[in-house]
2 protein chains.
Amino acid sequence: MKQKIIYSEVQCTKHISAVEDALYVLGGKWKLRIIIALISGHNRFNELQRIIKGISARVLSNELKQLELNGLVERVVQADQVPVVIEYIATDYAATLKEVVGALADWGQKHKKKITANR
Amino acid sequence: MKQKIIYSEVQCTKHISAVEDALYVLGGKWKLRIIIALISGHNRFNELQRIIKGISARVLSNELKQLELNGLVERVVQADQVPVVIEYIATDYAATLKEVVGALADWGQKHKKKITANR
DNA sequence: GTTAGTAGTAAACTAAAGGTTAGTAGTAAC
DNA sequence: GTTACTACTAACCTTTAGTTTACTACTAAC
C-alpha cells in the first residue's frame, strides 16, 4: 500500500492558496530584500538603493509604494530637517514577517552550503 | 538617541544574500506551489496540472526540470506499468523546506484575514 | 559655478517569464 | 473509427518586470 496522500486535495489547495496570498504581497525580486533592509535599520531612499545591490530608483520607488499599500511600510516625512528627509519605516505588521524571512534565510544558507560542498 | 541599526551593514547584506539564494531556487510563480502539491502526495504530471490551477503543461514541465536539477524533485519512471507511468517525488531534501512553506502559509493566512477584516 | 547629495519621476527600452495553440506517440474504451 | 487519457514538446506570442538614461528642484560644499 502506498501512504502517499498526506493531505487531501482540499487541504492541499488551501495550503497552496495561503502561500499564494503571501507571495502576492511578498513576491517578486525585491520586496523581501527591501523589508530586510528596512528591518535592519536602513530607512532612507538612497541608503536603501546603496545596500540593495542592483535595484534602480524607479523599481525601489514602485516597490516602496506597494509595500506601503499593504501596510508593511510607513513613509515618514521629517519636515523639520533641511533638506526634508524622508524615512521609510517597517511597521509592526512587517515584524510578523520575521519567521518567514528567518526561515528563508536559514534555508538559503543551508542550500548554499550544500551546493558549494558538492563541487 | 535612535536605536535604529539593529544589524550592521555587513550582517544585513548577508541576510539579504541568504534570502536571495533561497529565492533563486524557490522564486517565481510556481515552484513553491509545485513543491506543496508534491509533498501533499500528488505525484503525476496531469494530476499536478489539475491541482495547481492555471499552470500550463509547458511551464509545469520546465519547473519540474529545474526542481530536479536542484535536488528537490526526483523523476521516477514506473516502467512496469502500461502505459509507462511517471512519478515526481519530493526528495528528503525538499522536506527541509517545510519550515519555509509553513511560515509562508501561516503568514498568508493571517494576511488574508487582516485584509478581509478591513473591508 | 561645478560637483555632489537629497528624493524621486518620465519615457523608452529590453529581457525574462509565462501563456496559447497545436501536435506527438502510445493505449484503451465505446 | 472516434474520443480520451498518458506525458510531454515546439513554436510563437504576450505580458510583466526590470533597466537605462535623463531630468527636476533644492541644499551644501569646494
Side-chain angles (χ1 to χ4, degrees), chain A residues 2 4 9 16 19-20 22-35 37-38 41-70 73-90, chain B residues 2 4 9 16 19-20 22-35 37-38 41-70 73-90:
Chain A
K2 301 175 207 171
K4 277 196 340 184
E9 198 134 333
I16 289 180
V19 171
E20 222 145 305
L23 290 180
Y24 183 78
V25 180
L26 307 173
K29 195 171 171 183
W30 302 110
K31 296 209 187 67
L32 276 171
R33 292 163 169 89
I34 293 171
I35 288 168
L38 287 171
H42 304 280
N43 302 99
R44 292 174 55 186
F45 194 90
N46 286 356
E47 192 182 5
L48 289 168
Q49 222 194 323
R50 238 180 285 118
I51 206 157
I52 302 168
K53 272 131 203 159
I55 197 166
S56 67
R58 194 195 92 151
V59 170
L60 178 56
S61 176
N62 288 344
E63 300 283 74
L64 284 169
K65 273 177 201 158
Q66 281 186 53
L67 291 172
E68 208 187 338
L69 278 174
N70 283 304
V73 169
E74 207 182 332
R75 187 178 186 270
V76 180
V77 182
Q78 235 80 51
D80 52 330
Q81 300 194 19
V82 172
V84 178
V85 162
I86 291 164
E87 288 200 325
Y88 293 93
I89 315 278
Chain B
K2 298 176 205 169
K4 275 195 344 184
E9 198 134 332
I16 290 178
V19 172
E20 223 146 303
L23 290 180
Y24 183 78
V25 179
L26 307 174
K29 196 170 169 183
W30 302 110
K31 296 211 188 63
L32 276 171
R33 291 163 169 88
I34 294 171
I35 288 167
L38 287 172
H42 305 280
N43 301 98
R44 292 175 55 188
F45 194 90
N46 286 358
E47 193 183 2
L48 290 168
Q49 221 194 324
R50 237 179 287 118
I51 207 157
I52 302 168
K53 272 132 203 157
I55 198 167
S56 67
R58 194 198 89 150
V59 171
L60 179 55
S61 176
N62 289 344
E63 299 284 74
L64 284 170
K65 272 177 202 158
Q66 281 187 51
L67 292 173
E68 209 188 337
L69 278 174
N70 283 303
V73 170
E74 207 182 333
R75 186 176 187 271
V76 179
V77 181
Q78 235 81 49
D80 52 329
Q81 299 194 21
V82 172
V84 178
V85 162
I86 290 166
E87 288 200 327
Y88 294 92
I89 315 279

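Note that this is a predicted model, so its numbers are computed, not measured.
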Between B:Ile34 and B:Val73, is any pair of side-chain heavy atoms under 4.5 Å apart? no
Can you measure B:Tyr88 atom OH to D:dA7 atom P for me and round it to whole angstrom units? 8 Å
Between P of D:dA17 and OH of A:Tyr24, the distance in whole Å: 10 Å
Rounded to whole angstroms, how far apart are CD1 on B:Ile55 and P on D:dT9? 14 Å
For atom CZ of B:Arg50 and atom C1' of D:dA7, their distance in whole Å: 12 Å
Residues that A:Arg75 engages under side-chain hydrogen bond (donor to acceptor under 3.5 Å, both in side chains), provided they are two or more places apart: A:Tyr88
Write out the stems for DNA chain D, ordered by first number and formatted as range with range, counting runs of at least 3 consecutive Watson-Crick or G-U wobble pairs under 3.5 Å. C:1-30 with D:1-30
Bounded by its outermost nucleotides with an atom under 4.0 Å from a heavy atom of chain A, the footprint on DNA chain C reads C:dT6 to C:dA12
Checking all strands, does A:Ser61 fall into the base, sugar-phosphate, or nothing category for heavy-atom contacts under 4.0 angstrom? sugar-phosphate
Mind listing the N/O atom pairs, protein and nucleotides 21-23 of chain D, below 3.5 Å?
none

CG/A:Leu32 to CG/A:Leu67 distance, rounded to the nearest 0.5 angstrom? 9.0 Å
Rounded to the Å, how far apart are B:Asn43 CG and D:dT6 P? 14 Å
With a non-hydrogen cut-off below 4.0 angstrom, is A:Gly54 in contact with a base, only sugar-phosphate, or nothing? sugar-phosphate
Euclidean distance, atom CG of residue B:Leu23 to atom P of D:dG18 [Å, nearest integer]: 12 Å
Could you list the residues that satisfy side-chain hydrogen bond (donor to acceptor under 3.5 Å, both in side chains) with B:Glu20, not counting sequence neighbours? A:Arg33
Check against side-chain contact (heavy atoms from CB on, under 4.5 Å), B:Ile86 and B:Phe45: CA-CA 8 Å; B:Ile86 290 166; B:Phe45 194 90; over 6 Å; no
Are A:Glu68 and A:Glu74 side-chain neighbours, meaning at least one heavy-atom pair lies under 4.5 Å? no
Give me the atom names and distance for the closest heavy-atom approach of B:Leu38 to B:His42. CD2-O, 3.4 Å
Measure CH2/A:Trp30 against C1'/D:dA17 and give the value in whole Å, please. 11 Å
Distance-only criterion, 3.5 Å: show the donor-acceptor pairs between side-chain atoms of residues 48-57 of chain A and protein atoms not counting sequence neighbours.
residue : atom : partner : partner atom : Å
A:Gln49 : NE2  : A:Ile55 : O            : 3.4
A:Ser56 : OG   : A:Val59 : N            : 3.4

Validation row: B:Lys31, B:Val25 side chains within 4.5 angstrom (heavy atoms): no
To the nearest Å, give me how far apart NZ (B:Lys65) and C1' (D:dA10) are. 11 Å
